[in-house]
2 protein chains.
Amino acid sequence: MNPTIHDVAKKAMVSISTVSRVVNHPQSVAPEKREKVLRVIRELGYEPNPFASGLRDRRTRTIAAIIPDITNPFYAELFRGIEDVARAQKNNVMICNTDQDESRFLEYMSYFQKKRIDGLIFVSSPVTETYREAFEDLRVPVVLAATDSEAGGWPSVTVDNYRAGYDAAMFLIKNGHEAIGMISGPLEDPIAGSPRYEGFQAALLEAGLTLTQDRVALGAYDFDSGYEAMRSLFGRSPDLTAVFAASDAMAVGASAFLLRRGIDVPRQVSVLGFDNLQLARMVTPALTTVAQPVYRMGHEAAAMLFRTLDHPLMPQESLVLPHELIVRDTVGKRN
Amino acid sequence: MNPTIHDVAKKAMVSISTVSRVVNHPQSVAPEKREKVLRVIRELGYEPNPFASGLRDRRTRTIAAIIPDITNPFYAELFRGIEDVARAQKNNVMICNTDQDESRFLEYMSYFQKKRIDGLIFVSSPVTETYREAFEDLRVPVVLAATDSEAGGWPSVTVDNYRAGYDAAMFLIKNGHEAIGMISGPLEDPIAGSPRYEGFQAALLEAGLTLTQDRVALGAYDFDSGYEAMRSLFGRSPDLTAVFAASDAMAVGASAFLLRRGIDVPRQVSVLGFDNLQLARMVTPALTTVAQPVYRMGHEAAAMLFRTLDHPLMPQESLVLPHELIVRDTVGKRN
DNA sequence: TTGTAGGCGTTATCAA
DNA sequence: TTGATAACGCCTACAA
């Protein structure tokens with residue numbers, strides 16, 4: 001049996017209220033008594049029982065992270081950023097793998113109704129009406145990571161995806177490419193889909209190039225869809241000299257298609273990725289890519305959530321983190 | 001404010017004990033009353049407050065998963081297996097990233113000390129004396145996943161690593177290879193290190209081949225150490241025609257070294273991995289590898305833990321799951 | 001079969 | 001500055 005506040009009180013010969021005060025508001029206790037109580041606390045190894053505090057305060061010291069799938073390296077990395085902050089704050093984070101399934105998500109939400117969490121970090125999926133309503137019902141602070149939402153007004157931590165797409169195109173152009181294609185995420189995806197696509201297109205346009213439809217293919221951010229998208233792209237536009245994929249997994253899929261087809265990357269076709277996962281440096285040739293500060297997004301999002309948990313009134317500013325081009329071996333110079 | 005047992009009692013015009021009984025021992029309540037209470041429970045959306053129950057019962061409905069790093073795809077996959085089971089059981093799993101750091105581990109343990117978890121799944125690290133003691137102090141059921149321990153007598157879910165190493169060698173031999181090398185994990189590692197190495201060696205011996213020291217290099221299971229190990233191996237034994245690496249990440253590192261050096265895989269040198277991560281099929285050439293049922297290990301371990309939580313006296317048998325050779329493109333036939 | 005009451009460990013209020 | 005006490009919501013002896 002773990003020691004309780006009563007054991008401490010008895011041994012230190014004070015009342016339980018004093019012990020409680022020492023733990024929660026140390027400065028309101030006379031120094032000598034405080035020291036004495038502190039010593040007993042250490043001797044006994046006393047720790048407040050979280051259920052008792054939870055019962056009273058209804059603060060659970062638990063936050064939830066809603067992510068599509070921890071098995072995906074992008075989310076794993078981001079989650080790690082969240083967990084590190086939570087641990088430092090002595091909080092515990094419940095991980096919720098939704099597999100992008102709304103009913104799965106709602107199941108979690110109803111679970112939280114009772115289980116009670118202090119706050120929630122929502123990662124990466126677009127914030128649909130369903131989600132918006134569920135968040136409002138929950139009545140806990142919400143922070144968005146790698147996604148955002150006009151409606152709702154929750155603070156977010158993101159990257160400037162439009163700008164990142166723009167920079168991706170600029171990089172390819174600077175390397176002398178003109179016949180450029182793109183493997184985009186779904187254009188309905190307001191986060192990693194359309195903005196990257198539009199930024200990319202805008203830069204091309206500025207440079208007097210156009211992104212015609214036969215040079216665009218859509219994927220779902222994973223290896224297989226990247227592979228298939230490249231197959232389709234290559235069938236339609238065999239003249240392409242460079243392709244930008246909106247995720248590293250798709251870029252690796254695209255490379256795989258080319259390589260397995262006997263097409264040299266980057267000599268014949270350059271490939272540019274997005275994310276900068278571990279994977280990017282493990283493949284050969286190593287992937288040149290637009291890096292997102294994935295870990296840091298998780299870290300900042302969690303920090304933001306705890307800030308609002310501690311100061312409910314202080315409004316939090318959304319954060320846009322910088323991206324960066326990581327040059328490796330899949331983009332070649334043209335002419 | 002969520003409805004409490006009192007709200008239900010008042011509305012159903014019964015006492016709170018009756019409500020409690022309806023929730024916990026339905027058959028001990030008169031049918032009509034039971035129905036009535038059930039209806040009110042549904043109307044109000046009542047759910048018992050977990051803090052109150054926890055305070056009384058000291059069951060937290062939370063288990064912990066101690067893993068080195070969720071960012072590592074192997075652990076992420078295994079963790080997913082754990083989480084899926086826990087969710088089905090309406091439990092919550094705390095994830096503990098130790099980064100293989102004992103002090104980090106002990107920090108978590110002291111946090112758990114205060115009976116904050118019902119049980120624990122320990123993943124993949126060797127069970128040293130430190131860990132053993134900490135588990136015993138905790139006094140909660142422990143299950144080992146992808147690791148085991150002579151001392152302690154905790155049930156485990158593993159793969160037969162010796163046999164898997166043996167089968168890896170057999171596969172290479174059957175493909176006509178004789179000059180065979182290995183990139184092993186640390187030989188002090190009693191799980192994924194020595195057994196795979198020894199099984200591999202034994203099969204070679206049986207076939208009249210020997211695994212001389214210049215054909216062995218050690219790594220730490222990650223890409224970089226695989227890359228370096230291959231560099232070293234290749235320097236010492238340029239005649240090698242096949243290499244078995246004790247993890248996919250090392251195998252990919254080894255391939256990367258060879259490929260980047262202009263050595264054809266598998267035509268000049270074959271590479272065989274271990275794990276069968278997603279990564280294995282994403283690289284080009286796609287990695288031939290010994291598959292571990294990673295997700296399933298997590299799944300079974302969690303199932304086993306919940307079984308002992310529900311029936312504390314029933315002893316649990318350790319489980320050895322089957323491995324399997326996945327043939328892809330990095331192992332070639334010789335002669 | 002049902003209800004009453006005590007206790008789980010904590011914190012905040014109030015009085016001294 | 002300190003201590004007694006009343007919640008917080010639930011569960012289960014025990015009594016009726």
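In what follows, chains are A, B, ... by sequence order, proteins preceding strands, each numbered from 1.
One atom, CZ of A:Phe51, and another, C1' of D:dA7, lie 19 Å apart when rounded to the nearest Å. The distance between atom CG of B:Asn49 and atom P of C:dC8, rounded to the nearest whole Å, is 18 Å. Distance, A:Arg34 CZ to D:dT2 P: 10 Å, rounded to whole Å. Rounded to whole angstrom, the span from the CG atom of B:Leu55 across to the P atom of C:dT11 amounts to 12 Å. The distance from atom CD of B:Glu47 to atom P of D:dC11 is 12 Å, rounded to the nearest whole Å. When the P atom of C:dT10 is taken as reference, atom CZ of B:Arg56 falls 17 Å away, rounded to whole Å. Look at CG on A:Asp7: it is 11 Å from C1' on C:dG9, rounded to the nearest Å. Distance CD1 (A:Ile16) to P (C:dA12): 12 Å, rounded to an integer number of Å.
With a 4.5 Å cut-off on side-chain heavy atoms, A:Asp137 and A:Met109 do not count as touching. Two residues are said to be in side-chain contact when any heavy atoms from C-beta on lie closer than 4.5 Å; A:Arg104 and B:Arg87 meet this criterion. A:Val29 places none of its side-chain heavy atoms less than 4.5 Å from the side chain of A:Val37. Two residues are said to be in side-chain contact when any heavy atoms from C-beta on lie closer than 4.5 Å; B:Phe122 and B:Thr147 meet this criterion.
A donor N or O paired with an acceptor N or O is not found under 3.5 Å between the base of C:dT1 and the side-chain atoms of B:Thr18.
When distances are taken from the side chain of A:Ser17 to each of C:dA12, C:dG3, C:dT10, the shortest belongs to C:dA12. Proximity note for A:Tyr46 (side chain, C-beta onward) versus D:dC10, C:dT10, C:dG3: the nearest is C:dT10. Residue B:Ile5 places its side chain closer to D:dC11 than to any other of D:dA13, D:dC11, C:dG9.
If you check every strand for non-hydrogen atoms under 4.0 Å, B:Val23 touches nothing.
Phosphate proximity of D:dG9 to B:Thr4: absent, as no side-chain N or O sits under 4.0 Å from OP1 or OP2. Taking 4.0 angstrom as the limit, B:Lys33 places a side-chain polar atom (N or O) nearer than this to OP1 or OP2 of C:dT2. The phosphate of D:dC10 (OP1 or OP2) has no side-chain N or O of B:Ser53 nearer than 4.0 angstrom. Regarding contacts with the backbone of D:dT1, every side-chain N or O of A:His25 stays at 4.0 angstrom or more from both OP1 and OP2.
Shown are B:Ile95, B:Asn92, B:Val93; of these, the side-chain contact (heavy atoms from CB on, under 4.5 Å) with A:Met94 is made only by B:Asn92.
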